[in-house]
Amino acid sequence: MSFISQNAALKQRKEKKLAKEVADGSLIAHADGEAELDDDLKLIKSNNKRSRHANDSSKRMAKKAAQEEMKNLEDSLFGTLYTPLEFGKEADSNGGGGKLVAQDHPLFFMDKSTCNEMVVYEEDLKAMGGKSLNEEMKPVWVDEEEEETKVNIVRVNRLRKLRKEADEHLISGADYVARLRAQHAKLNPGTGWASMDRKHARSGDFDDSSDDESGVSIADGYEDAGGNDILRSNDELVIKSTTKLLPGLLEYSSLVDANAEEPSSGPINSVQFHRNGQLLLTAGLDRRLRFFQVDGKRNPKIQSIFIEDCPIHKASFLPDGSEVILAGRRKFFYSFDLVKAAVSRIGPLTGREEKSLEVFEVSADSKTIAFIGNEGYIFLISSRTKELIGTLKMNGSARSLAFADGGQQLISSGGDGHVYHWDLRTRRCIHKGVDEGSITGSALCASQDSSLFAAGSSSGIVNVYKSEEFLGGKKKPLKTIENLTTMVDHMKFSPDAQILAISSRMKKNGLKLVHIPSFNVFSNYPPPRFSLQYPRCLDFSPGGGFMTVGNAGGKVLLYKLHHYQNA
């Protein structure tokens, strides 16, 4: 059978089936079923769409409700953030969601300052119900028993440091509390980063109304307001700069040795602070000049210089800080230029045959260096040209020197037991007096203001004189100190002349600190157990805060004196 005959047979069978369905009515039912199915599908799609719209609407409503609740919470915590207030009107509790604001209290004040700092003005304070800056603030509560209470600050040893006068015993409770606070602030000073130098940090933000001395900006109209000093400094509240050092016990702390990074292999003969208070030189018989930066914690070494042909017996800064003079038991001496870092050898002196120039002093004006020579001669050398500019002559031998009156006068003593005062402008002796009880003078020193000078002798006696009285003919010393029994080698006044240090290298712990003007020796110094060994030299920092002691063991001991605030 061919394909054509097969297709024709299939076509005939389909036509017969269709005719039968039409006769039975099934075709119409099938058409109706398909129409109903289409309607059901459309209804389902419509319902799904409505449900999605309903879900989106409920989500939006929930989100809106959450936002409203968050706004109400923020209003209750931070004020009417979303309901701006109008001037002179109250906030509506229903509309804004906030509380009623009283009309008699301003909601804010205007910042009338020209800089970024908030300044509260007097009219704004009054508007807010506050007091004027000129009105005295009264304490909320006062303890009546505090004024009636009396505290004996002498009975307990650790409270004696609170005295302002040596004979003070009883103080009131309020004064006791104030002194304790002052003592705490004194022992725990503020850190450097907390000191705000606002004048330099914000020089462009301040106008002419800024205070020139303190750098603190003061609002217009408040230049004369009481309490401005509190903004400038807390010195008057804590401790006054004129507080006197009290006798008895000295407040000090032992710190890391100043030359801990590189101790000397020989005795230390010289220690001295630079005028900046941070640089310290040490020199000794190991022929090395060393420089250390003193910070009290690590004291790092800066430089070390080796002098090959001269064990150093003395080294000293020029007061202007530009050079260091070095001398030993030689006919010459050395100069070390700090700026150029160069060492120069000077000498021997022209026309002189001196065997040693190991003892010298430098004037306070950095112009003159005085060397002790043989047979009572004193040589004056210009610090600029390093040439001999003058010669002085004593009776007997010269042993010690000290400059006074800013470098215009020179004090000398020696083997005849006399003290000489020289006027360096005329190169003449203006006064000669006997040092009471002295056979041979061994040490001299003068205070920075030249009002006092001390003379030490080979017997260990130290006499303290008032310069005006001694030059006027009064030979009686203010005080004779007999705490040393061996020859006095070195003496030094503190910068404010409240402490006199005297030492002898011939005895262990042979160093005493004398309180001026009571002339009593501090009983708690030196420390026990011979910690100083044999002291050979000492020095105070320019501010008095540090004291160094060089000993025969090659160490430079460092102490902090708590009475002084600066190094």
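What you see is a predicted model, and the numbers here were worked out from it, not measured in a lab.
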Check against ring-ring contact (aromatic ring centres under 6.0 Å, His included), Phe453 and His421: CA-CA 11 Å; Phe453 75 91; His421 277 75; 5.5 Å; yes
One thing to verify: whether Lys492 and Asp539 come together as a salt bridge, which I'm taking to mean a side-chain N less than 4.0 angstrom from a carboxylate O. yes
Which heavy atom of Met394 sits nearest a heavy atom of Ile378, and at what distance? SD-CD1, 4.0 Å
Using modelled atom types only, decide if a donor and an acceptor are shared between the side chain of His490 and the backbone of Ser504 within a distance under 3.5 Å. no
For residues Pro526 and Asn509, report the shortest heavy-atom separation together with the two atoms involved. CG-O, 3.8 Å
With the threshold set at 4.0 Å, does a side-chain nitrogen-carboxylate oxygen contact exist between Lys244 and Glu168? no
Looking at Asp175 and Arg179, is any side-chain nitrogen of the basic one under 4.0 Å from a carboxylate oxygen of the acidic one? yes
Counting neighbours of NZ on Lys432 that are heavy atoms of other residues, nucleotides or ligands and sit closer than 6.0 Å, is the number greater than 12? yes
Got Val154 and Arg163 here, is their nearest side-chain heavy-atom distance under 4.5 Å? yes
Report the C-alpha separation of Phe291 and Ile305 in whole Å, then their side-chain angles, then the decisive distance to 0.1 Å, and conclude whether the side-chain contact (heavy atoms from CB on, under 4.5 Å) test is met. CA-CA 9 Å; Phe291 296 95; Ile305 300 163; 4.0 Å; yes
Does a sphere of radius 6.0 Å around NZ in Lys466 hold more than 12 heavy atoms from other residues, nucleotides or ligands, not counting ones at 6.0 Å or beyond? no
Can a salt bridge be assigned to the pair Lys475 and Asp435 using a cut-off of 4.0 Å between side-chain N and carboxylate O? no
Please enumerate all residues that pass ring-ring contact (aromatic ring centres under 6.0 Å, His included) together with Tyr334, with sequence neighbours excluded. Phe332
Apply side-chain contact (heavy atoms from CB on, under 4.5 Å) to residues Phe379 and Leu388 and explain how you reach the verdict. CA-CA 7 Å; Phe379 304 109; Leu388 183 65; 3.8 Å; yes
Tell me if the centroids of the rings in Phe470 and His431 come within less than 6.0 Å of each other. yes
Pair Phe540 + Phe546: ring centers closer than 6.0 Å: no
Work out which heavy atom in Leu246 is nearest to a heavy atom in Arg160; give both atom names and the distance. CD1-O, 4.1 Å
Glu469, CD: over 12 other non-hydrogen atoms inside 6.0 angstrom: yes
Min side-chain heavy-atom separation Leu561-Ile499 under 4.5 Å: yes
When rounded to the nearest 0.5 angstrom, what is the spacing between CG in Leu538 and CG in Leu532? 10.0 Å
Apply side chain to side chain donor-acceptor pair (under 3.5 Å) to Ser438 and list each qualifying residue two or more places apart in sequence or on a separate chain. none
Checking Lys314 against Phe360: charged group under 6.0 Å from the ring centre and within 45 degrees of the axis? yes
Counting only heavy atoms not in Lys355, do more than 12 fall under 6.0 Å of its NZ? no
Point-to-point distance, once rounded to the nearest 0.5 Å, from CG of Asn524 to CG of Leu249: 5.0 Å
Leu280 and Gln272 have their tightest heavy-atom pair at CD1-O, 3.2 Å
Closest heavy-atom pair and its distance - Ser270, Ala315: OG-N, 2.9 Å
To the nearest 0.5 Å, how far apart are CD in Glu361 and CD1 in Ile411? 10.5 Å
Quick one, Val151 and Leu170 - any side-chain contact, counting heavy atoms below 4.5 Å? no
For residues Leu484 and Met506, determine if any side-chain heavy atom of one lies less than 4.5 Å from a side-chain heavy atom of the other. no
Check the pair Tyr534 / Lys508 against side-chain contact (heavy atoms from CB on, under 4.5 Å), numbers first and verdict last. CA-CA 5 Å; Tyr534 292 91; Lys508 278 191 174 183; 3.4 Å; yes
Less than 4.5 Å apart, any side-chain heavy atom of Tyr420 and any of Asn395? yes
With a 4.5 Å limit on heavy-atom distance, are the side chains of Ile312 and Asn269 in contact? no
Do Arg345 and Phe333 form a cation-pi contact, if we require the NZ or CZ to be under 6.0 Å from the six-membered ring centre and within 45 degrees of the ring's axis? no
So if I apply the salt bridge (Lys or Arg N to Asp or Glu O under 4.0 Å) rule between Glu262 and each of Lys555, Lys301, Arg288, which one comes out positive? Lys301
Any side-chain donor near an acceptor of the partner, Thr480 and Asn463, under 3.5 Å: yes
Salt bridge between Lys331 and Glu354, side-chain N to carboxylate O under 4.0 Å? no
Within the side chain of His184, is there an N or O that forms a donor-acceptor pair under 3.5 Å with the backbone of Ala182? no
Residue pair Asp496 / Gln498, side-chain donor-acceptor N/O under 3.5 Å: yes
Is a donor from one side chain sitting under 3.5 angstrom from an acceptor on the other, for Glu261 and Asn299? no
Atom CD1 of Ile307 and atom CZ of Arg287: how far apart are they, to the nearest 0.5 Å? 10.5 Å
List the residues meeting side chain to side chain donor-acceptor pair (under 3.5 Å) with Thr385, not counting sequence neighbours, and say none if there are none. Ser382
Is there a donor-acceptor pair under 3.5 Å between the side chain of Lys340 and the backbone N or O of Asp337? no
Are Leu338 and Phe317 close enough, and set up right, to give a side-chain contact (heavy atoms from CB on, under 4.5 Å), and what steps lead you there? CA-CA 10 Å; Leu338 292 176; Phe317 283 111; 3.7 Å; yes
Output all residues satisfying side chain to side chain donor-acceptor pair (under 3.5 Å) with Ser413, sequence neighbours left out; order by chain, then residue number. Ser400
For the side-chain contact (heavy atoms from CB on, under 4.5 Å) test, which of Leu401, Val359, Leu380, Ile381 pairs with Phe371? Ile381
Heavy-atom count check: over 12 atoms from other residues, nucleotides or ligands less than 6.0 Å from Lys367 NZ? no
Which residues pass the ring-ring contact (aromatic ring centres under 6.0 Å, His included) test with Phe403, sequence neighbours left out? none
Indicate yes or no: at least one non-hydrogen side-chain atom of Ser335 is less than 4.5 angstrom from one of Val324. no
So, are Arg384 and Glu323 salt-bridged, with charged N and O less than 4.0 Å apart? no
Taking the side chain as everything from C-beta on, heavy atoms only, tell me whether Val514 gets closer than 4.5 Å to Asn520. no
Roughly how far, to the nearest 0.5 Å, is CD of Glu251 from OH of Tyr564? 11.5 Å
CG of Leu250 to OH of Tyr559: how many Å apart, nearest 0.5 Å? 11.0 Å
Kindly state each residue pair satisfying side chain to side chain donor-acceptor pair (under 3.5 Å) with at least one member in residues 444-456, sequence neighbours excluded. Ser447-Asp449, Asp449-Ser451
Closest heavy-atom pair, Phe273 versus Pro542, reported as atoms and distance to 0.1 Å, is CB-CD, 4.0 Å
